[in-house]
Number of protein chains: 2
Amino acid sequence: MLQHHCKDCQIKSAAAKNLNTEEFDILESNSAQVIFKKGENIFKEGALSLNVAYLRTGIVKVHMHGPTREKILRIVKAPSYLGIPITFGDKINQYSATAIEDTSVCFIDSNYFRNFIYSNGKFAYEIIVELCKNELKDYHRYTSQSQKQIPGLVAETLLCISETIYNNSRFNFPLTRNEFGDMVGTSRESVSRVLSELSNEKIIEINGKEITILKKDTLEKISKNG
Amino acid sequence: MLQHHCKDCQIKSAAAKNLNTEEFDILESNSAQVIFKKGENIFKEGALSLNVAYLRTGIVKVHMHGPTREKILRIVKAPSYLGIPITFGDKINQYSATAIEDTSVCFIDSNYFRNFIYSNGKFAYEIIVELCKNELKDYHRYTSQSQKQIPGLVAETLLCISETIYNNSRFNFPLTRNEFGDMVGTSRESVSRVLSELSNEKIIEINGKEITILKKDTLEKISKNG
DNA sequence: ACCCAAATGTGATATAAATCACATAAGTTG
DNA sequence: CAACTTATGTGATTTATATCACATTTGGGT
């Protein structure tokens, strides 16, 4: 647990911006900041959920066991809450979170978090907005994944990672081929093949983990046409 | 718009149970109850969202346009809010809702709904709980759908409709084969074939729209094994 | 009750993707 | 740095499912 001063935190959530001095004091005494290295587990499916996790910096994969393999539900970039649903939707975590880059997470005692919802309407409203926005994004991904073919899904994922996570056409792809498959619901071999093909056609460039999107418009076309 | 008295409503949401007399008056003056017949559209993707819809009675499908066809995101049984995310996640509806049984829906002016969140913490908390529970359910379905094969998905869907919507092993299946396909992400032909096979093997019985689950344990095994 | 449109069932064929198999490359750890 | 384990690329084969085609059936509307 690191020294932390919630009131002066420069990376407040939209919800936390509505807390008053007294509430920040409560937050500070009932939360703990923890650093996770790449690959470390932040919370685990099946465990009791006693805290709300707030991802302050870093990138995380949210994942759960599926019928045949692990499923990566979403990639979350800080700042964002991580699994409010596992705290208020069920006593037991229904999914896991694992750092895919070095990450700092604030764990907030869920009783106090709940009290903020009870007592601070603007805080509650911002939490609701975040949950709602996530649901909409999930539904779009959900729909894509059940209808597009693999090349479309791979293209969509590359664009998404490039645009929403790294804001850059060149980036270190944070997942293994296997995890990429777990994310779009296919095998590592199929991902490999599609990436090779995109590379051969000079639509992307691959250097180990580093991927560069060379022809964004073509990739968007592939993504759109499924 | 029907006469309605929110305070005396017997089908209050978990959130609305926390409203006081004054708030019920506000709710009553800023909401309208509307009846929808089977097949009628309740709200439509692309339209501006100015109301929160509360499904008071009936059954509804929530759906959106996908890359190649319509996608049924979930089947919702009353009582439940219908698309809080389209109200607070985006100005424009990202998905549609259509009655699949006769249905009554209360439309609540979203400004007043927002005010309840601001001023009534227990109301806000129950909304958050509902959003969270839905997210967890969605993630499980999401994961199934990206990993199970068609027979598993058909079995899962039959069990889900039987258990969570009708609480009965015999029920009128509320979707066409095409819609069933839109729901699990497959073609109507594949759905037909799987249903025929389940019927041939006496695991279910089909009489037009009426489906009876004869061997629930076998169906569960098929669902589990994908 | 009749007509027409929509929904359904089922066989034949095509195809995307899984799986299997193996070689190679990259990381990890003692 | 050597020995592993893990990750990756790619060909060959198999398989589940989409698609196409067409015959029935069902159900709503006048």
Side-chain angles (χ1 to χ4, degrees), chain A residues 37-40 61 66-72 98 100 144-157 172-201 204-211 222 225-226, chain B residues 37-40 61 66-72 98 100-102 144-155 157-158 172-201 204-211 222 225-226:
Chain A
K37 286 210 165 45
K38 187 177 172 172
E40 286 186 326
K61 65 171 177 175
T68 60
R69 63 174 65 166
E70 199 71 6
K71 169 76 186 175
I72 296 184
T98 302
I100 55 178
S144 276
Q145 282 194 25
S146 73
Q147 296 185 4
K148 286 183 185 175
Q149 300 182 176
I150 313 294
L153 292 174
V154 169
E156 177 180 302
T157 303
N172 272 328
F173 192 80
L175 304 176
T176 66
R177 298 289 183 268
N178 221 325
E179 290 175 313
F180 198 149
D182 288 342
M183 190 165 170
V184 302
T186 188
S187 64
R188 65 162 191 88
E189 293 97 324
S190 295
V191 171
S192 261
R193 264 185 266 269
V194 171
L195 288 175
S196 295
E197 192 156 342
L198 291 173
S199 174
N200 288 338
E201 290 168 9
I204 63 172
E205 191 177 294
I206 305 177
N207 273 313
K209 288 273 171 206
E210 189 186 79
I211 292 185
I222 294 169
N225 297 333
Chain B
K37 285 210 165 47
K38 188 177 171 170
E40 287 186 326
K61 64 171 176 175
T68 60
R69 62 176 62 169
E70 200 70 6
K71 170 75 187 176
I72 295 184
T98 303
I100 57 179
E101 307 260 315
D102 293 358
S144 275
Q145 283 194 26
S146 72
Q147 296 185 4
K148 285 183 186 176
Q149 300 184 174
I150 313 294
L153 292 174
V154 168
T157 303
L158 290 175
N172 272 327
F173 192 80
L175 304 175
T176 66
R177 297 290 184 268
N178 221 325
E179 289 174 314
F180 199 148
D182 288 342
M183 191 164 168
V184 301
T186 188
S187 63
R188 64 161 192 88
E189 292 97 323
S190 295
V191 172
S192 262
R193 265 185 265 268
V194 171
L195 288 175
S196 295
E197 192 156 340
L198 291 173
S199 173
N200 288 338
E201 290 169 8
I204 63 171
E205 191 175 297
I206 305 177
N207 272 314
K209 287 274 170 205
E210 190 186 80
I211 292 183
I222 294 169
N225 297 334

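Chain naming here is simple, since letters A, B, ... match the order of the sequence lines and numbering starts at 1 in each. Only heavy atoms go into these numbers, but all of them, side chains included; no hydrogens, no water, no symmetry mates.
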Smallest separation among heavy atoms of A:M183 and A:L175, with atom names: SD-CD1, 3.8 Å
Spacing between A:N207 atom CG and C:dA26 atom P, to the nearest angstrom: 11 Å
Min side-chain heavy-atom separation A:R177-A:L195 under 4.5 Å: yes
Presence of B:K209 side-chain N/O under 4.0 Å of C:dT8 phosphate oxygens OP1/OP2: yes
5' priority, DNA chain C, between A:P151 and B:I206 [closest heavy atom]: B:I206
Close side-chain approach of B:T186 and B:V154, heavy atoms under 4.5 Å: no
Nucleotide interval of DNA chain D bounded by contacts with chain A (heavy-atom cut-off, under 4.0 Å): D:dT8 to D:dA12
Between P of C:dA16 and CD1 of B:I150, the distance in whole Å: 17 Å
NZ (A:K209) with more than 12 external heavy atoms under 6.0 Å: yes
Heavy-atom closest contact (B:V194 atom, B:P151 atom, distance): CG1-CA, 3.9 Å
5'-most by nearest nucleotide on DNA chain C - B:L195 or A:R69: B:L195
Touch class at under 4.0 angstrom, heavy-atom based, for B:S192 against every strand present: base
Side-chain (A:Q147) to main-chain (B:R69) donor-acceptor, under 3.5 angstrom: yes
Distance in angstrom units between A:Q145 CD and C:dA17 P, rounded: 13 Å
B:F180 and B:L158: CA distance, side-chain angles, deciding distance, side chain to side chain contact (heavy atoms under 4.5 Å, CB included) verdict: CA-CA 10 Å; B:F180 199 148; B:L158 290 175; 4.1 Å; yes
Residues in contact with DNA chain C, drawn from residues 180-190 of chain B - heavy-atom cutoff 4.0 Å: B:R188, B:E189
Any N/O donor-acceptor pair, A:R193 side-chain to C:dT19 base, under 3.5 Å: yes
Least distance between heavy atoms, A:V184 atom then A:K71 atom: C-NZ, 4.5 Å
Side chain to side chain donor-acceptor pair (under 3.5 Å) against A:S144, all qualifying residues, sequence neighbours excluded: A:E156
